[in-house]
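I have placed the structure first, in the form of structure tokens, so that the comments after it can refer back to it.
Computation of the quantities below employed the complete heavy-atom set of this structure, encompassing side-chain atoms and omitting hydrogens, waters and symmetry-equivalent molecules.
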Amino acid sequence: MGRGDLTNDEWVRLRPHLPESGQRGGRWKSHRRVIDGILFRQRTGVPWRDLPARFGKWKTVYERHRRWSADGTWDKIFAAVLADADVEGRIDWSMVSVDSTSCRAHQHAAGARKKPPRVPGERRTPWQHRPDEGLGRSRGGLTCKIHLAGEGGRRPLALLVTPGQWGDAPQLIPVMERIRVGRLGGGRPRTRPDHLSGDKAYSSRRNRRYLRRRQIKHTIPEPSNQRANRKRRGSKGGRPAGFDKTVYKRRNEVERTINALKGSRAVATRFDKRAYVFHGTVTVAAIRLWLRT
């Protein structure tokens, strides 16, 4: 076992959720070695062709990562790992925070074909495909942005990849809609945290109305311009938004979650041309965080 490979405990947690191997024709003989190769590339950011020989053919490692990113296999594994963690009581629902982080795109991330990709062997586009490929130009150059919701234990619950110039407030609802933690004993998946926290970038009447409708307690500071506009309108401006400074101190947890994700160089810097492949790379990093005890 090399540095950064799956430990035996992590493999025991992950193995039940992987697709069946050992099919005819030698397809998918060794999941563990291929996943270790995916983790190596994710941690180091090396080109796929430069993977060490101990992981087998680089093409096999790349194609499996691309296929599982396209057909939603990584998303299904992520959901299964979350369900296991919820049964074990390892998800801290007391505080879920939302935030985003920008990832500088490498020059190799540009130049994807305009023709929409297809899931290998199927006539449909990949699950997380975006026509804009999640790339945009901002003051920092060619960037993309990862929006996420992190639980109190400093691990992600939901992820969303958008172009780098997109704002945070419009993405709060899409990120919250992706929080779905299944229950192994049956019943509806859990989608609501006990409390939600976000910085002032997420302050909007639309977001607060959405959270109130779902009966989610939240702590989001109100910017000075919104506060002044509300006071100017008088009674029509509505009541002041509640804010608890003590609760808001826990917002550092989502910042630490982002730091843990960007410890992987292939997440901190985007090398993937396709948005769905980069989404799979970020999802693999999130799965690895949940596999660690």
Side-chain angles (χ1 to χ4, degrees), residues 1-23 26-48 50-69 72-93 146 148-159 181-182 184 253-269 271-272 277-293:
M1 183 174 66
R3 179 173 179 265
D5 292 352
L6 289 171
T7 65
N8 292 332
D9 292 338
E10 292 173 347
W11 175 246
V12 169
R13 290 175 178 269
L14 180 64
R15 185 175 183 179
H17 309 307
L18 298 177
E20 295 183 3
S21 58
Q23 300 181 11
R27 184 174 178 226
W28 295 349
K29 282 187 176 181
S30 58
H31 279 316
R32 185 168 184 175
R33 184 174 68 168
V34 172
I35 292 177
D36 284 339
I38 295 173
L39 293 175
F40 180 88
R41 183 261 178 180
Q42 167 201 302
R43 180 172 59 85
T44 61
V46 300
W48 291 102
D50 294 338
L51 283 176
R54 67 186 180 91
F55 300 118
K57 296 182 179 179
W58 72 268
K59 187 73 170 178
T60 301
V61 181
Y62 165 71
E63 287 295 340
R64 194 164 308 181
H65 177 61
R66 184 177 71 90
R67 178 185 293 270
W68 285 7
S69 300
T73 299
W74 284 129
D75 293 323
K76 295 175 183 177
I77 295 173
F78 182 47
V81 170
L82 285 178
D84 288 346
D86 191 36
V87 170
E88 298 171 1
R90 294 193 293 119
I91 299 182
D92 185 358
W93 290 100
I146 302 174
L148 76 156
E151 51 95 41
R154 301 180 298 280
R155 287 163 296 193
L157 290 174
L159 302 164
V181 179
L184 298 183
E253 295 168 352
V254 69
E255 301 285 355
R256 295 161 72 181
T257 302
I258 291 174
N259 288 339
L261 280 177
K262 298 184 82 169
S264 302
R265 295 190 177 185
V267 175
T269 302
F271 300 99
D272 303 307
V277 178
F278 181 67
H279 177 88
T281 300
V282 181
T283 303
V284 171
I287 293 172
R288 186 65 186 275
L289 293 180
W290 282 103
L291 292 178
R292 294 172 178 171
T293 56

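Counting heavy atoms from C-beta on, the side chains of V12 and N8 never come closer than 4.5 Å. You'll find the side chain of I35 stays beyond 4.5 Å of the side chain of V284, heavy atoms only. Counting only heavy atoms from C-beta outward, the side chains of H17 and V81 approach each other to under 4.5 Å. The side-chain heavy atoms of F278 and I146, taken from C-beta on, include a pair separated by under 4.5 Å.
The minimum heavy-atom distance between D92 and E151, with the atom names listed, is N-OE1, 2.7 Å. Nearest heavy-atom pair, V61 versus G37, reported as atom, atom and distance to 0.1 Å: CG1-C, 3.8 Å. When all heavy atoms are compared, the tightest approach of A286 to L261 is N-CD2, 3.8 Å. Summarising the geometry of D86 relative to G182, their closest heavy-atom pair is OD2-O, 4.3 Å, with the distance given to 0.1 Å. Shortest non-hydrogen contact noted between L148 and P156 is CD1-CB, 4.1 Å.
To the nearest 0.5 Å, atom OG1 of residue T7 and atom CG of residue L291 are 8.0 Å apart. A distance of 7.0 Å separates OG1 in T283 from CZ in F78, rounded to the nearest 0.5 Å. For the atom pair R288 CZ and I38 CD1, the distance stands at 12.0 Å (nearest 0.5 Å). The CG atom of L14 lies 4.5 Å from the CG atom of L18; values are rounded to the nearest 0.5 Å.
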Legend entry - CA sep, side-chain torsions, deciding dist, call: L51, R41, side-chain contact (heavy atoms from CB on, under 4.5 Å): CA-CA 7 Å; L51 283 176; R41 183 261 178 180; 3.9 Å; yes
Inset, instruction - Would you check, one step at a time, whether the test side-chain contact (heavy atoms from CB on, under 4.5 Å) holds for N259 with R154? - result: CA-CA 10 Å; N259 288 339; R154 301 180 298 280; over 6 Å; no
Inset, instruction - Quick one: do T281 and F271 satisfy side-chain contact (heavy atoms from CB on, under 4.5 Å)? Show the steps, please. - result: CA-CA 10 Å; T281 300; F271 300 99; over 6 Å; no
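Partners of W48 according to the ring-ring contact (aromatic ring centres under 6.0 Å, His included) rule, which considers only residues two or more places apart in sequence or in another chain, are Y62, H65. Judged as a side-chain contact (heavy atoms from CB on, under 4.5 Å), and not counting sequence neighbours, the contacts of R43 are R3, F40. Residues passing the side-chain contact (heavy atoms from CB on, under 4.5 Å) test with D36 are D5, L6, R32, L39, F55, sequence neighbours excluded. Applying the side-chain contact (heavy atoms from CB on, under 4.5 Å) rule to A83 yields the partners L184; only residues at least two apart in sequence or on another chain are considered. For the side-chain contact (heavy atoms from CB on, under 4.5 Å) test, residues two or more places apart in sequence or in another chain that qualify with R15 are W11.
Under the 3.5 Å distance criterion, with hydrogens and angles disregarded, no donor-acceptor pair is assigned to the side chains of D84 and W290.
Using a 30° and 60° split on the angle between ring planes, W68 and H31 fall in the tilted class, from 30° to 60°.
R13 has no carboxylate O lying under 4.0 Å from a charged side-chain N of E10, or vice versa, which leaves the two without a salt bridge. Contact check on E63 versus K59 returns a salt bridge, with a Lys/Arg side-chain nitrogen under 4.0 Å from an Asp/Glu carboxylate oxygen.
Within the structure, salt bridge (Lys or Arg N to Asp or Glu O under 4.0 Å) pairs that include any residue of residues 255-265 comprise R251-E255 (at least two apart or interchain).
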